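This structure is a prediction, so every number in the text was calculated from the model and none was measured.
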Amino acid sequence: MFTVIGDLVGSRRLPDRAAAQRRLGDVLTEVNAALAPAQDFEATIGDEFQGATADLATALLAGLLIRLRMLEVVDVRCGYGAGEVTVHDPSRRPLLQDGPGWWAARAAIDELGRRRAARSWYDAGESAGESAGESAAGRAAGAAAGGAAAAAAAVGQVNAFLLTRDALVDRLSDRGRRLLDGALCGATQRELAEREGITEGAVSQQFARGVGAVRDAHLVLAAATGTFGTSQAGASQAEVVEGER
């Protein structure tokens, strides 16, 4: 399971915290409908929210969509984790649960507290070996040192992706972020131009400034993990990567 714990950055300084919480609730509902996660994203306590997915690509996509849709009100940061999750009481909301997956996501959030400018971090926790593609039997057979190095490299690669992705998002205008949101959900440049009331050439310029790179990077990651991330886009997104810029 891939877990996500997020929170609102600087929410105590907002003039209308209730409005921000309402907006967060709406955004989480939208993301749940688009991605059908293993555990719905829901507000927990204070300014935090959480959810879980069956694959890493969808977890990272969910966090980005939430951030893009919240930025008009407040910034968002997300800690991503990997590991087993135990639900003790499925009738409670938020769920009463525990496990290494949540410990890893919490460790990632703690790391973000030390990286003030970062908005995303991944911690594979106790499942690092498995996430790097190793079996428990293989590690037990004497590859512990190599396995630890491979696991650390895999986690490092994900965090390098996240740092670069978020830096590109930070450089986008409000329109660029809306276009990225739509592109991540499978919209073509023509459809995005119609939504914004602008020319396809203007959309193409925004893609060249980072929208296309972030969209394509997510598609490459999703293809590598065997999923295209959204329930609505699927193979049509793969065609966009090959045929549309």
(message) Rounded to the nearest 0.5 Å, what separates atom CD in Q206 from atom OG in S173?
(response) 4.0 Å
(message) Please report the interatomic distance CZ(R69) to CG(L28), rounded to the nearest 0.5 Å.
(response) 10.5 Å
(message) Is any side-chain heavy atom of Q21 closer than 4.5 Å to one of D47?
(response) yes
(request) Identify whether the distance between the nearest side-chain nitrogen and carboxylate oxygen of R190 and E194 falls below 4.0 Å. (result) no
(message) Taking V73 as the starting point, is it possible to reach V31 by hopping between hydrophobic residues whose side chains are less than 4.5 Å apart?
(response) yes
(request) Determine, stepwise, if the pair W121 / R114 fulfils side-chain contact (heavy atoms from CB on, under 4.5 Å). (result) CA-CA 11 Å; W121 198 255; R114 294 184 284 272; over 6 Å; no
(message) Check whether S204 reaches the backbone of E200 with its side chain - one donor and one acceptor, N or O, closer than 3.5 Å.
(response) no
(request) Determine whether F161 and H218 make a side-chain contact, defined as any pair of heavy atoms from C-beta on separated by less than 4.5 Å. (result) yes
(message) For R177 and D174: C-alpha separation, side-chain torsions, deciding distance, then whether salt bridge (charged side-chain N to carboxylate O under 4.0 Å, His left out) applies.
(response) CA-CA 5 Å; R177 291 166 183 163; D174 290 343; 3.8 Å; yes
(message) Which heavy atom of A183 sits nearest to which heavy atom of V211, and what is that distance?
(response) CB-CG1, 4.4 Å
(request) Please answer whether the main-chain N or O of L60 pairs with a side-chain N or O of R165 as donor and acceptor at a distance below 3.5 Å. (result) yes
(request) Quick one: pull up CG in L64 and CZ in R119 and give me the separation to the nearest 0.5 Å. (result) 13.5 Å
(message) Can you pull out every ring-ring contact (aromatic ring centres under 6.0 Å, His included) where at least one residue sits in residues 11-44? Sequence neighbours excluded, please.
(response) none
(request) Only one of R77, R67, R12 passes salt bridge (charged side-chain N to carboxylate O under 4.0 Å, His left out) with D7; say which it is. (result) R77
(message) Is there a path of hydrophobic side-chain contacts, each under 4.5 Å between heavy atoms of I/L/V/M/F/W/Y residues, joining L71 to V214?
(response) yes
(request) Find out whether I5 and R106 are in side-chain contact, i.e. whether some heavy atom of one side chain is under 4.5 Å from a heavy atom of the other. (result) yes
(request) Take L180 and L172 through the side-chain contact (heavy atoms from CB on, under 4.5 Å) test and state the conclusion after the steps. (result) CA-CA 9 Å; L180 175 57; L172 295 176; 3.9 Å; yes
(request) Show your working on side chain to side chain donor-acceptor pair (under 3.5 Å) between D55 and T58 and close with a plain yes or no. (result) CA-CA 6 Å; D55 63 90; T58 302; 2.9 Å; yes
(message) Under 4.0 Å between a side-chain nitrogen and a carboxylate oxygen: does that hold for R171 and D166?
(response) no
(message) Between V9 and Y80, is there shared hydrophobic-cluster membership here, with clusters defined by ILVMFWY side-chain heavy atoms closer than 4.5 Å?
(response) no
(message) Same cluster or not: L68 versus L168, using hydrophobic residues (I, L, V, M, F, W, Y) connected whenever any side-chain heavy atoms lie under 4.5 Å apart?
(response) yes
(message) Minimum heavy-atom separation for F2 and A59, please, with both atom names.
(response) CB-CB, 4.1 Å
(request) Give a yes or no answer on whether the side chain of T53 reaches the backbone of P37 with a donor-acceptor pair at less than 3.5 Å. (result) no
(request) Apply side chain to side chain contact (heavy atoms under 4.5 Å, CB included) to V74 and list each qualifying residue two or more places apart in sequence or on a separate chain. (result) L8, L14, M70
(message) With rounding to the nearest 0.5 angstrom, report the OG to CZ distance, S120 to R115.
(response) 12.0 Å
(request) Give, for atom CD of Q189 and atom CZ of F207, the distance between the pair rounded to the nearest 0.5 Å. (result) 4.5 Å
(request) Would you indicate whether the side-chain heavy atoms of V155 and N159 approach each other to under 4.5 Å? (result) yes
(message) The test is side-chain contact (heavy atoms from CB on, under 4.5 Å); show your working for F49 and C78 and say whether it passes.
(response) CA-CA 9 Å; F49 59 89; C78 290; 3.9 Å; yes
(message) Measuring only between side-chain heavy atoms, which start at C-beta, is L65 closer than 4.5 Å to C185?
(response) yes
(message) Let me confirm one number: the CG-CD distance from L179 to E191, rounded to the nearest 0.5 Å.
(response) 12.5 Å
(request) Could you state whether W103 and M1 fall into the same hydrophobic cluster, counting links through intermediate Ile, Leu, Val, Met, Phe, Trp or Tyr residues with side-chain heavy atoms under 4.5 angstrom apart? (result) no
(request) Looking only at non-hydrogen atoms, find the nearest pair between A57 and A222 and report the distance. (result) CB-CA, 3.6 Å
